[in-house]
Chemist: 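The following block contains the structure, expressed as structure tokens.
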Amino acid sequence: MSSERVPVEVCRGANGLEKVVLREVRGSSAEDGTSGDWQTTFQKLCNVTSTPLLGDVQSFEKVDTISEWPTSSLNLWKVQHWVDTKWGIVVGVRVLDGEAVLLDQWDAATDQERGPEELWAFVMNPKPKDLVLDGKAVLLDRWDTIGCCHQLGRGPEGIMAQVSIDSGLKMQGMGISQGQEGGRGPGGEHGVRSEFQESDLSSRIPMSTLLEQEILPRRWANEDCNLNVELMLSEGTDGPKTLIPSTGSLSPVETSLSLAEIEKTPDEKASNDGTTLPLQVYSRRKKSEPELVQAQEAEPITGSSPMNNVVGLNVRLHSFMCQVVYLYGGHVTSWKNEHGEELLFVSSKAIFKPPKAIRGGIPICFPQFSSHGSLEQHGFARNRFWTVDPDPPPFPTNSASKAFVDLILKPSEEDLKIWPYSFEFRLRIALGPGGDLMLTSRIRNTSTEGKPFTFTFAYHTYFSVSDISEVRVEGLETLDYLDNLQNKERFTEQGDAITFESEVDKIYLSTPTKIAILDHEKKRTFVIRKDGLPDAVVWNPWDKKAKAMADFGDDEYKHMLCVEAAAVEKPITLKPEQLKNPLYCSIFCTGALLQCG
Ligand SMILES: O=P(O)(O)OC[C@H]1O[C@H](O)[C@H](O)[C@@H](O)[C@@H]1O
């Protein structure tokens, strides 16, 4: 299979928008629409994913042309790019004669998106000159697609979904399936059919969104067109057990126009302008919204092992991604991707019992990081019982996610004896539309006696990695750090990215807001974004320390890495009734190796 790279160009305009132009991506030109075509195409797209975006070309005008479309293959682009909070992105490939259009634009400033975003476009292109859109580009919403087809995958429950948009025209039907025979979609009968292995699937759309999908046949909306949309859901992975043929037949299906009739599409008949448009399906769907499960309604985990008497909330925020949040420590212990793979490390020897903090997940270090103060290591927030905050004050900045849990911690009488300051610590744990996990801390000094307090802080995130020696951290190179293994002395990092061959325990200072962990073996990148937390701690205990820890397996150091968004060097002081601007950290994981820049 070809591993040719697909060039990607990025232009950032003066208005702060960015354009990404993908050049030609072609499947093979096989006429029979076999799944092999698709796989080839898909493989090429994977290379798009791993192509770093380039910077700073001051133009939006340049449009690359795509010539010589294959006559009967599925053409697909996948664009993956960073979204910064300050600028939006336009992704464009223009449709002119023989070319396809895909534009995607949004303003991140209003949309508040963070993290890498993915965009898929599927264009069915039975004939080169057929894809003509009046010479105009179509502006699509971020998640829109031209053409077809979404959603496949196995979530924790083993559900897979399949969508097919079947125009009834030969070569225009399409099914996407996962797994064996049973997964085939009705579109498969009409030509292009896509089947690929689970490991190939790096972009999936949550089920909940899929079900909300609206299909709008742009050109044919008022026509007596034969567009049929079918959605099949099946459970399990070895073929469908339950099939729910569903959804919007937009108009009665007139089955199978012949190929000859493609030339005379309803569109052509209607407009009579010589334009042929065998299939332009405009599929608009609402932005992906994780499922909201009220924390209060979530099932408490009590009693039995492994939590003993620790109360937890099993919070499912998303069809494919779930979090387990323990009230003990306000601690997230699970964050899964859409493949159901766990992304956080939790030790097999973790003790879910006070007074020990849970070894893994995301402990909250407050009001002290590590031994930087007189309190116990990492403060006490990680081993106190938090409560669900029934009435959190509104969040001005976090409108992007509707799936979240709010927790609150207030000091007990006992806490006040060891740290005599009144505070309210509100923690919002949210899942963004793209599956990113967002933690936001709001800490208020509630002293009635006019006492300020000072604290240090970290989101002590344990990332799950394939093999620590295959991992690289980007974004910290050349920075100053305090080395915990050398009496917190200050050094400057040398060299490129950070790799691991022995114990590491460093506090990088004044770090950028974005840090990436690249896992070469898993071909996966974690992206950490942070705000209000200038430092970043990197920790791996390596073999000797691992052996010395009772709640950590001897070899587990190979499969974890802590990269912790933190405020350590310059402690934060809060005056009475002062609210700390949110301490924010989001993590995102993508099934590709990306560069941090
Ligand atoms: O064992 P813990 O108290 O959970 O601390 C685990 C580690 O946390 C941080 O990363 C510190 O920098 C390390 O010095 C410490 O060993």
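Each ligand, and each atom within it, is numbered from 1 in the order the structure gives.
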Chemist: Would you say the rings of F453 and W419 are close, in the sense that their centroids are separated by under 6.0 Å?
Modeler: yes
Chemist: Residues two or more places apart in sequence or in another chain: which of them pass side chain to side chain donor-acceptor pair (under 3.5 Å) with S466?
Modeler: D519
Chemist: Report all protein residues having a heavy-atom distance below 4.0 Å to some atom of ligand 1; order the list by chain, then number.
Modeler: R359, F369, Q377, H378, R382, H460, N484, D505, V537, W539, E564
Chemist: Looking only at atom types and distance, does a side-chain atom of D505 sit under 3.5 Å from a main-chain N or O of P541, one as donor and one as acceptor?
Modeler: no
Chemist: Between T456 (side chain only) and F369 (backbone N and O only), is there a donor and an acceptor less than 3.5 Å apart?
Modeler: yes
Chemist: Is any side-chain heavy atom of R426 closer than 4.5 Å to one of L409?
Modeler: no
Chemist: Should the pair K349 and F552 be classed as cation-pi, given the thresholds of under 6.0 Å to the six-membered ring centre and 45° from the axis?
Modeler: no
